[in-house]
Amino acid sequence: MSERIFLSSPHMSEEGYEQQYVQEAFDTNWIAPLGTNVNEFEKELAEKVGIKSAAALSSGTAAIHLALKAAGVEEGDIVFCSTLTFSATANPIIYQHATPVFIDSDEKTWNMDPKALEEAFQKYPEVKAVIVVHLYGLSADMDRIMEICDKHDVVVIEDAAESLGTYYKGKHTGTFGNYGVFSFNGNKIITTSGGGMLVSNNEEKVAKARFWATQSRDQARHYQHSELGFNYRMSNIVAGIGRGQLKVLNTRVEKKRYIYQFYKQKLDGLKGVKFMPWNEWDDPNFWLSSMTLTGDVRPIDIMDALEKENIESRPIWKPMHLQPYFEKYDFIGNGIAESLFENGVCLPSDTKMTDEELLRVTNIIKGLF
Ligand SMILES: *Cc1c(COP(=O)(O)O)cnc(C)c1O
């Protein structure tokens with residue numbers, strides 16, 4: 001059988017940039033904890049996305065957790081959260097003993113529906129924070145969402161874990177709200193093997209997040225703690241991989257876009273097939289090419305047929321309000337996220353895929369129609 005084709009797997013630079021930075025860390029014995037790579041990775045990422053300040057952390061989940069803490073979210077507070085996402089968006093709300101209220105998707109963006117958000121504010125006027133997700137590298141409609149959130153004077157956290165390299169009207173996703181979060185998990189558009197970044201134009205808050213992330217050690221010769229601490233910092237080795245990966249981000253985005261266009265050209269027009277939305281204001285990174293099916297061919301047929309050929313694919317995220325763990329929390333919406341989950345499939349979007357492999361995938365899928 002041919003080698004497995006993945007949905008999205010790590011893709012180190014052909015030039016070996018990552019190894020150079022890791023080697024530098026070895027040469028200077030800056031293996032851990034912090035060091036040049038961490039400082040530079042923070043600066044380079046902040047510059048890339050156009051924001052003042054960034055804190056390199058152990059994961060995107062840790063970044064969301066510290067964003068909620070920085071927003072002052074505490075026990076009993078309500079946090080609005082996109083329902084169509086990975087559980088890592090919502091879990092930190094529970095870590096803070098707060099209460100999530102899940103918001104439906106807009107068919108036009110697959111992301112948070114501004115109308116449902118507005119409705120949620122009617123029902124819950126007292127809200128501490130809103131977490132907006134940019135799914136699969138598609139941007140949410142940030143102008144409308146920010147307008148609503150500003151009107152209600154609420155902290156906005158953008159979960160841009162999947163959208164590094166995505167721009168909304170020319171501005172990078174993750175830089176509209178008070179806080180933005182990126183992930184460098186193994187399947188993301190660039191990876192450090194595992195890691196995350198919290199970004200903000202509020203430098204004081206980012207400095208505070210770094211403090212919490214290193215066990216909240218007060219200024220003192222002995223170990224002194226006046227606040228609860230976390231072990232959430234990124235290591236200098238991991239940051240070295242990140243610096244190397246950042247150099248090839250644009251190349252990865254170009255390839256992801258090529259994959260999307262390849263699929264769209266070959267598959268769009270098949271009965272019941274609809275590709276993920278590409279709005280005129282969106283410049284997506286196309287992290288995972290996805291589509292919905294409303295004809296006789298179901299997502300499971302495609303996933304089974306691909307799996308037989310050792311090719312990975314996956315359903316769209318199962319909405320949080322339908323998850324056994326989260327179903328007790330309120331949901332505002334009309335079943336759009338649910339129908340995307342039921343009808344959607346993510347196609348293999350690995351940047352190492354050749355044209356031949358892409359053609360194999362599209363031929364297998366076309367064979368089902
Ligand atoms: C990957 C991901 C995260 C979590 O990032 P980790 O670095 O794996 O902790 C959060 N939200 C979304 C939408 C993600 O896809």
Side-chain angles (χ1 to χ4, degrees), residues 6-10 41-42 45 54-69 79-96 100 102-103 105 109-112 129-140 142 145 156-166 173-174 177 179-199 209 213 230-235 238-239 241-242 245-246 252 256 276 284-290 314-321 323 325-326 337 340-341 344 346 349:
F6 292 101
L7 211 55
S8 184
S9 72
F41 187 33
E42 288 177 346
L45 184 121
L57 302 171
S58 54
S59 70
T61 311
I64 296 170
H65 189 185
L66 294 187
L68 287 168
K69 241 182 105 63
V79 176
F80 292 161
C81 178
S82 302
T83 194
L84 191 65
T85 187
F86 178 46
S87 66
T89 312
N91 285 333
I93 302 171
I94 309 297
Y95 302 165
Q96 283 304 100
F102 295 109
I103 313 290
S105 293
T109 63
W110 288 16
N111 285 304
M112 187 178 276
V130 176
I131 309 182
V132 188
V133 180
H134 302 293
L135 210 68
Y136 302 132
L138 300 171
S139 135
M142 288 315 289
I145 286 168
V156 176
I157 299 167
E158 289 176 80
D159 180 346
E162 300 177 4
S163 72
L164 185 59
T166 296
T173 50
Y179 303 98
V181 168
F182 298 101
S183 165
F184 313 109
N185 187 36
N187 63 0
K188 297 294 172 4
I189 190 153
I190 61 170
T191 182
T192 60
S193 75
M197 195 79 81
L198 174 68
V199 303
F230 300 83
N231 185 4
Y232 275 175
R233 208 64 161 110
M234 181 180 279
S235 90
V238 163
I241 304 174
Q245 284 271 279
L246 209 48
R252 296 292 175 269
K256 294 273 192 191
M276 63 190 197
N285 73 3
F286 298 101
W287 174 55
L288 294 185
S289 283
S290 309
R314 203 194 278 161
I316 299 272
W317 298 121
K318 179 171 179 175
M320 287 305 112
H321 71 281
Q323 298 288 352
Y325 183 78
F326 289 111
L340 289 169
F341 165 60
C346 302
S349 308

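Numbering of ligands and ligand atoms starts at 1, following listing order.
Using bins of under 30°, 30° to 60° and over 60° for the plane-to-plane angle, the ring pair Phe184/Phe41 lands in the tilted bin.
Taking the six-membered ring for Trp and the full ring otherwise, the centers of Phe230 and Tyr95 sit at least 6.0 Å from each other.
Partners of Tyr232 under the side chain to side chain donor-acceptor pair (under 3.5 Å) rule, at least two apart in sequence or in another chain, are His65. Taking Tyr179 as the reference, nothing meets the ring-ring contact (aromatic ring centres under 6.0 Å, His included) condition, with sequence neighbours excluded. By the side chain to side chain donor-acceptor pair (under 3.5 Å) test, Thr85 pairs with Thr89, sequence neighbours left out.
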Name each N or O atom in ligand 1 that is under 3.5 Å from a protein N or O, and give the partner atom and the distance.
residue, atom, partner, partner atom, Å
ligand 1, 5 (O), Ser183, OG, 3.2
ligand 1, 7 (O), Gly60, N, 2.7
ligand 1, 7 (O), Ser183, OG, 2.7
ligand 1, 9 (O), Gly60, N, 3.3
ligand 1, 9 (O), Thr61, N, 2.9
ligand 1, 9 (O), Thr61, OG1, 2.5
ligand 1, 11 (N), Asp159, OD1, 3.3
ligand 1, 11 (N), Asp159, OD2, 2.7
ligand 1, 15 (O), Glu162, OE2, 2.5
ligand 1, 15 (O), Lys188, NZ, 3.4

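For the pair Gln245 (side chain) and Thr191 (backbone), a donor-acceptor distance under 3.5 Å is present.
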